[in-house]
There are 2 protein chains.
Amino acid sequence: MPRSEAGSRDRTVGIKQVALHAGVSAGTVSNVLNRPERVAAETRARVEQVIKELGFVRNGSAASLRFGHGRTIGLMMLDLGNPFFTEMARGVEDLMSEREYGVILCGSAGQELREERNMRMLAEQQVRGVLVTPVNDNRDSLALLRERGIPTVMLDHAATRADQCSVTVDDVTGGHLAASHLLERGARDIVFVGGPLTTRQNADRRAGALRALREAGHGTLREMIVEEMTSRAGDEAAEHLLAELPDAIFCANDLLAMGVLRLLLQQGVRVPGRVLLIGYDDIEYARASAIPLTSIRQPPYKLGQIAAELLLDECDHPGSHVHQQIMFQPELIVRESTSR
Amino acid sequence: MPRSEAGSRDRTVGIKQVALHAGVSAGTVSNVLNRPERVAAETRARVEQVIKELGFVRNGSAASLRFGHGRTIGLMMLDLGNPFFTEMARGVEDLMSEREYGVILCGSAGQELREERNMRMLAEQQVRGVLVTPVNDNRDSLALLRERGIPTVMLDHAATRADQCSVTVDDVTGGHLAASHLLERGARDIVFVGGPLTTRQNADRRAGALRALREAGHGTLREMIVEEMTSRAGDEAAEHLLAELPDAIFCANDLLAMGVLRLLLQQGVRVPGRVLLIGYDDIEYARASAIPLTSIRQPPYKLGQIAAELLLDECDHPGSHVHQQIMFQPELIVRESTSR
DNA sequence: CTGTTAGCGCTTTCAG
DNA sequence: CTGAAAGCGCTAACAG
């Protein structure tokens, strides 16, 4: 008789108590909750009244067990320390909250291991679907979900095949935009400071920059790959560059650029006088920085929102849903850091 | 015969299939999962082997239904657009991820209604506990959880009674620190720019500032209450102040301060030359801004981490757990925006 | 339109 | 140390 384990939760109000108080059966209460149109208006009103009085809250786990999935989605972000990603998360959360879904937030911090651990956790939680900014192109952790029939939408990462939705910004073009701009401003010796090239964002931005140089027929790209894409890492990168300053520095995100900027100014290197500097993402803080930062703008909030909508569409209309690969175009925002 | 509804999830590997393949019973598999020490080493190894082979992932909903709670916690944040809060969220996520818990992220955006809706959703999800930065002192939405025996820890908000844990920073002292500093630098006509005073953070920071003025015996505090604590709101506030510029502006957070700063500089008002400016939170971007911002530092990541630990302690050791109200002291960080 | 009933997958006594 | 069986709260099929 497993009754003693109830702990402090003895007085849980279930669908049964509601049924009892309303003088109907549990099935009817369930109908009021899930298919109200099938219940007589009068009965429904009475049940709803009792629900309110008793402060009944549906047990999501039970429903989830029955349905095979719950009212939550997973959100795997690459870097929760970057405003670009937290803005994306905000876009997702706003939309999901409106639709009465819970968002389980996960940060991989760029580590494949952590990504996989979190994916397994999400599968356990029976999430309805997952939004993911993957660490790299290794599809193992996604496979874990696909096997179990959990829809996934790629965020800020293009789907390599057409078997799923994705919402991205064209990073190759972004990189091209950045490098072209630097070349136009007269830079020839350019340094690219970015994170691991196994992460698509870095690889693409670099590739775009290289293409710009090739097309222009001049200019060279030195590379500096850092572990983390933080302003601290930017500091360190800049320190190494002091020995042989380039004409311009292209950072794969604004956090890095802000770190680079800080160290350069502190060392008395004039920006943009001596070195041009361009970032990526155009986070809110880029324009407010010591030397307002030229950057490549992306719309993170919108990316999050649209990805969330695509995911819900796939969940709610698995029949009619068609996978879409949406790609936004980035925009060059010129500010003082490249205005000689 | 409710069998046809399986959809794409026909081949779900349950504890039963594992049991079958391993030649044991479901109960034993469950024991391997939850109390491995009660299973013979050899049996355990065999079961674990099968689990791996079959790619079995435990159904969290079922476990949750049985236990009365799941392996997730709720995180209610006041403002997901503010790096202070997202850093706090990162602290929480890092710790919870380590402990194999899922974090359901909710943003109230300062709206009581949204807070309550989210709380109900969290209760439905059978979260193990909730970390909350409440919109105001209205305890209704908390009551919803307490009734159901869901532990809550207040984050960046002191518990008014000793019936729960809380982790805060002393905002009265913070406000005092800020105003004292401005007075010391010679300001007399000070403006406080902040969000609604129903939100404790704003009320306390203002109260601290008033106390500082009172103690000093000189200085006046004009007030400007804005709807949202964003840099855009800071812009607008500053615009209104142009007509009658004060000696100094104390913003209730750095986002506001950055907005104020932007508008002032754009209008040719020298900072700190004409107006002293101080923010609050000391977000990473405060020191990198056009005029590095004097601010009041708080340790958001640590707050999140500690709150998460307190919550888990309460969940895992309900017997021995003692509620703690932890309060950190803020720190004045002087930078150029107040260095005449 | 409403009641009855059979599980969803897992955990946990209780027997063996 | 392992197996059998009951039941967590809810939903959906079916009968009335």
Side-chain angles (χ1 to χ4, degrees), chain A residues 1-7 9-20 22-47 50-51 54 56-71 123-126 148-149, chain B residues 1-7 9-20 22-47 50-51 54 56-71 123-126 148-149:
Chain A
M1 195 187 297
R3 199 112 274 293
S4 50
E5 32 119 351
R9 210 161 300 206
D10 250 338
R11 11 178 82 264
T12 299
V13 185
I15 218 171
K16 266 183 174 163
Q17 345 290 320
V18 174
L20 197 67
V24 295
S25 82
T28 300
V29 177
S30 175
N31 279 333
V32 170
L33 257 34
N34 301 297
R35 273 128 41 264
E37 70 282 2
R38 298 201 184 168
V39 180
E42 198 206 347
T43 319
R44 191 190 342 167
R46 188 151 34 96
V47 171
V50 173
I51 285 180
L54 265 48
F56 164 77
V57 174
R58 168 220 259 104
N59 182 329
S61 302
S64 178
L65 177 55
R66 193 66 241 264
F67 282 142
H69 62 253
R71 265 191 103 71
E124 274 195 30
Q125 300 299 335
Q126 310 294 115
R148 306 179 63 80
Chain B
M1 194 187 295
R3 200 112 276 293
S4 50
E5 31 116 356
R9 210 162 297 206
D10 250 339
R11 12 179 81 264
T12 298
V13 185
I15 218 171
K16 267 182 173 165
Q17 343 292 319
V18 174
L20 196 68
V24 296
S25 81
T28 300
V29 177
S30 174
N31 279 333
V32 170
L33 257 35
N34 302 296
R35 268 111 72 260
E37 71 283 1
R38 297 200 184 167
V39 180
E42 198 205 347
T43 318
R44 190 188 347 167
R46 189 151 33 96
V47 171
V50 173
I51 285 180
L54 264 49
F56 165 78
V57 173
R58 171 219 259 102
N59 182 327
S61 303
S64 178
L65 177 57
R66 191 68 243 261
F67 281 143
H69 63 253
R71 263 191 105 71
E124 274 196 29
Q125 299 300 336
Q126 310 294 117
R148 306 180 63 80

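Heavy atoms only: backbone and side chains are in, while hydrogens, waters and symmetry mates are out.
Atom CZ of A:Phe67 and atom C1' of D:dT11 are 7 Å apart (whole Å). B:Arg46 has its CZ atom 14 Å from the P atom of D:dC1, to the nearest Å. Regarding A:Gln126, its CD atom lies at a distance of 15 Å from the C1' atom of D:dC10, rounded to whole Å. Note: CD1 (B:Ile15) to P (D:dA4) measures 15 Å, nearest angstrom. Residue A:Asn59 contributes atom CG, which lies 8 Å from atom C1' of D:dC8 at whole-angstrom precision. Taking atom CD of residue B:Glu37 and atom P of nucleotide D:dT2, one finds them 13 Å apart after rounding to whole Å. Between the NZ atom of A:Lys16 and the C1' atom of D:dG7 there is a distance of 10 Å, rounded to whole Å. Look at CZ on B:Arg38: it is 13 Å from P on C:dC14, rounded to the nearest Å.
Each of B:Leu65 and B:Arg44 was assigned the nucleotide of DNA chain D with the nearest heavy atom; the assignment lying further toward the 5' end belongs to B:Arg44.
Here the side chain of B:Arg58 is nearest to one of C:dT11, C:dG9, D:dT2, namely C:dT11. In this structure, the nucleotide among C:dT11, D:dA12, C:dG9 sitting nearest to the side chain of A:Arg66 is D:dA12.
Side-chain atoms of A:Arg46 come within 3.5 Å of backbone N or O of A:Ala22 as a donor-acceptor pair.
Contact check for A:Val13 versus A:Val18: side-chain heavy atoms found under the 4.5 Å cut-off. Side-chain contact between A:Ile15 and A:Asn59: absent, with no pair of heavy atoms (C-beta onward) separated by less than 4.5 Å. No side-chain heavy atom of A:Thr43 sits less than 4.5 Å from a side-chain heavy atom of A:Val32. Contact annotation: the side chain of B:Phe56 never approaches that of B:Val47 to less than 4.5 Å [non-hydrogen atoms, C-beta and beyond].
Only A:Gly27, A:Ser30, A:Asn34, A:Arg35, listed by number, bring a heavy atom of residues 23-36 of chain A to less than 4.0 angstrom from any atom of DNA chain D.
Residue pairs meeting the side chain to side chain donor-acceptor pair (under 3.5 Å) criterion with at least one member in residues 31-40 of chain A, sequence neighbours excluded, are A:Ser30-A:Asn34, A:Asn31-A:Arg35, A:Asn34-A:Arg58.
Every residue two or more places apart in sequence or in another chain was checked for a salt bridge (Lys or Arg N to Asp or Glu O under 4.0 Å) with B:Arg71, and none qualifies. Residues passing the side-chain hydrogen bond (donor to acceptor under 3.5 Å, both in side chains) test with B:Thr28: none are found, sequence neighbours excluded.
Side-chain nitrogen and oxygen atoms of B:Thr43 include at least one within less than 4.0 Å of the OP1 or OP2 phosphate oxygen of D:dT2.
Each end of the helix from C:dC1-D:dG16 to C:dG16-D:dC1 yields a helix axis from five base pairs, and these two axes differ in direction by 30° (to the nearest 10 degrees).
From B:Gln125, atom CD reaches atom NE2 of B:His69 across 14.5 Å, with rounding to the nearest 0.5 Å.
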